[in-house]
Asker: 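Sending over a structure as structure tokens; questions will come in a sec.
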Amino acid sequence: MSDSNEIEEGLKLQPKFDASGLVTCVAADAATSEVLMVAHMNEEALRRTIASGEAWYFSRSRGELWRKGETSGHVQRVVEMRVDCDQDAILLRVEQTGAACHTGRRSCFYRKVETTEGRSRLSFVNAERQFDPKAVYGE
């Protein structure tokens with residue numbers, strides 16, 4: 001098999017990490033397919049996710065590994081992990097405990113883009129907070 005054919009059609013997990021050693025990861029609710037969040041994984045986060053069955057990520061802003069729910073208790077139990085065709089993105093189908101977003105909302109995607117007369121603005125959708133981030137994270 002050629003390299004691209006092996007990656008696209010083969011059965012070996014060969015994630016394509018970017019120049020920073022990261023791969024994009026989308027977390028979606030296993031029951032509803034609602035997209036909960038987008039984050040990044042490095043090789044260690046991927047390895048820990050596979051080994052533990054709970055989602056681990058790499059924070060680009062903090063430069064460190066983190067387990068989802070480590071501070072908030074809102075863990076993600078991985079039901080299924082998928083990779084896209086060229087293995088440069090990962091999809092986690094998860095059972096989410098509590099809210100996925102650090103703002104206290106179920107999903108990080110709580111605003112939609114509306115365009116009127118060529119101008120775009122945001123509006124809130126499903127934006128109810130499930131917890132107070134200041135109380136949880138002490139911001």
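Both backbone and side-chain heavy atoms feed into the values below; hydrogens, waters and symmetry mates do not.
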Asker: How close do Thr97 and Gly73 get, counting heavy atoms only, and between which atoms?
Answerer: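 Heavy atoms of Thr97 and Gly73 come nearest at CG2-O, 3.8 Å.
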Asker: Quick check for you: to the nearest 0.5 Å, what is the distance between Gln96 atom CD and Gln76 atom CD?
Answerer: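 Those atoms lie 4.5 Å apart.
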Asker: Specify the closest pair of heavy atoms between Ser120 and Val113, including all atoms of both residues, with the distance to one decimal.
Answerer: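 Looking at all heavy atoms of both residues, the closest pair is CB-CG1, 4.1 Å.
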Asker: Evaluate side chain to side chain donor-acceptor pair (under 3.5 Å) for Gln87 paired with Glu8, printing each intermediate quantity in order.
Answerer: CA-CA 8 Å; Gln87 297 199 43; Glu8 294 171 358; over 6 Å; no
Asker: So, taking the atom named CH2 in Trp56 and the one named CD in Glu44, what distance separates them when rounded to the nearest 0.5 Å?
Answerer: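 Here the rounded value is 8.0 Å.
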Asker: Nearest 0.5 Å, what's the OG1-CZ distance between Thr49 and Arg47?
Answerer: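 Thr49 OG1 to Arg47 CZ: 11.0 Å, rounded to 0.5 Å.
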Asker: Above 12 or not: heavy atoms from other molecules or residues under 6.0 Å from CZ of Arg129?
Answerer: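 For Arg129, atom CZ is crowded (more than 12 foreign heavy atoms under 6.0 Å).
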Asker: When rounded to the nearest 0.5 angstrom, what is the spacing between SG in Cys85 and CD in Glu9?
Answerer: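 Cys85 atom SG to Glu9 atom CD measures 9.5 Å (nearest 0.5 Å).
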Asker: Answer with yes or no whether the hydrophobic clustering places Leu22 together with Leu92; edges join I, L, V, M, F, W, Y residues whose side-chain heavy atoms lie under 4.5 Å apart.
Answerer: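 Leu22 does not cluster with Leu92.
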Asker: Should Val83 and Met41 be counted in the same cluster of Ile, Leu, Val, Met, Phe, Trp and Tyr side chains packed under 4.5 Å apart?
Answerer: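 Yes; tracing contacts between hydrophobic side chains, which count when under 4.5 Å, links both residues.
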Asker: What verdict does the side chain to side chain contact (heavy atoms under 4.5 Å, CB included) test give for Leu91 and Asp84, after you've listed the backbone C-alpha separation in whole Å, the side-chain angles of each residue and the deciding distance to 0.1 Å?
Answerer: CA-CA 8 Å; Leu91 170 64; Asp84 74 336; over 6 Å; no
Asker: Would you say Glu34's side chain and Ser107's backbone share a donor-acceptor pair under 3.5 angstrom?
Answerer: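 Absent.
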Asker: Indicate the ring-plane relationship of Tyr57 and Trp66, choosing parallel, tilted or perpendicular according to the 30° and 60° boundaries.
Answerer: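 Rings of Tyr57 and Trp66: tilted, as their planes differ by 30° to 60°.
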Asker: In sequence, state the C-alpha distance, the side-chain angles, and the governing distance for Val79 and Val94, and then conclude on side chain to side chain contact (heavy atoms under 4.5 Å, CB included).
Answerer: CA-CA 5 Å; Val79 173; Val94 301; 5.9 Å; no
Asker: Looking only at atom types and distance, does a side-chain atom of Asn42 sit under 3.5 Å from a main-chain N or O of Leu46, one as donor and one as acceptor?
Answerer: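 Here the side-chain-to-backbone pair does not exist.
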Asker: Please name the pair of heavy atoms, one in Ala99 and one in Arg105, separated by the smallest distance, quoted to 0.1 Å.
Answerer: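 Between these two residues, the closest heavy atoms are CB-O, 3.1 Å.
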Asker: Following the transitive rule for hydrophobic clusters with a side-chain heavy-atom cut-off under 4.5 Å over Ile, Leu, Val, Met, Phe, Trp and Tyr, establish whether Val26 and Phe109 coincide in one cluster.
Answerer: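 Yes, it is one cluster - the side chains of Val26 and Phe109 are joined through contacts under 4.5 Å.
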Asker: Going by heavy atoms in the side chains, are Lys12 and Gln14 under 4.5 Å from each other?
Answerer: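 Yes, their side chains come closer than 4.5 Å.
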Asker: In Å and rounded to the nearest 0.5 Å, what is the OH to CZ distance from Tyr137 to Phe131?
Answerer: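 The distance works out to 4.0 Å.
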Asker: Do NZ/NE/NH1/NH2 and the carboxylate oxygens of Arg93 and Asp29 come within less than 4.0 Å?
Answerer: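 So Arg93 does not pair with Asp29 through a salt bridge.
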Asker: Does CZ belonging to Arg62 count more than 12 external heavy atoms closer than 6.0 Å?
Answerer: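 Correct, the count exceeds 12.
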Asker: CE of Met37 to NE2 of His102: how many Å apart, nearest 0.5 Å?
Answerer: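 Here the interatomic distance stands at 10.5 Å.
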Asker: Can Glu128 and Arg106 be said to form a salt bridge (charged side-chain N to carboxylate O under 4.0 Å, His left out), step by step?
Answerer: CA-CA 8 Å; Glu128 304 79 29; Arg106 166 112 178 115; over 6 Å; no
Asker: Using only heavy-atom distances, determine whether the side chains of Glu64 and Ser59 contain a donor-acceptor pair under 3.5 Å.
Answerer: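 No, no side-chain donor-acceptor pair sits under 3.5 Å.
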Asker: Determine the minimum heavy-atom distance between Ser33 and Ala28, stating which atoms define it.
Answerer: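 Heavy atoms of Ser33 and Ala28 come nearest at O-CB, 4.1 Å.
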Asker: State plainly whether the residues Arg67 and Glu54 are in salt-bridge range, i.e. N to O under 4.0 Å.
Answerer: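 Counted as a salt bridge, because a side-chain N and a carboxylate O are separated by less than 4.0 Å.
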Asker: Heavy atoms, side chains only, cut-off 4.5 Å: are His74 and Gln130 in contact?
Answerer: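 In short, these two side chains do not touch, never coming nearer than 4.5 Å.
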Asker: Could you check Asp88 against Thr24 for side chain to side chain contact (heavy atoms under 4.5 Å, CB included), going step by step and ending with a plain yes or no?
Answerer: CA-CA 7 Å; Asp88 67 356; Thr24 301; over 6 Å; no
Asker: Any chain of hydrophobic side-chain contacts (each under 4.5 Å) joining Val78 to Val23?
Answerer: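 Val78 clusters together with Val23.
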Asker: What closest approach, in Å, do Gly104 and Pro133 show between heavy atoms, and which atom pair accounts for it?
Answerer: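 In this case the closest contact between Gly104 and Pro133 is N-CG, 4.3 Å.
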Asker: Given the rule that I, L, V, M, F, W and Y join up when any side-chain heavy atoms are under 4.5 Å apart, are Ile50 and Ile90 in one cluster?
Answerer: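 Yes; Ile90 is reachable from Ile50 via cluster members.
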Asker: Which heavy atom of Gly63 sits nearest to which heavy atom of Phe58, and what is that distance?
Answerer: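 Answer, listing the atom of Gly63 first, then Phe58: C-CZ, 3.4 Å.
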Asker: Could you check whether Glu70 pairs with Lys68 (Lys NZ or Arg NE/NH1/NH2 to Asp/Glu carboxylate O, under 4.0 Å)?
Answerer: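 Salt bridge absent between Glu70 and Lys68.
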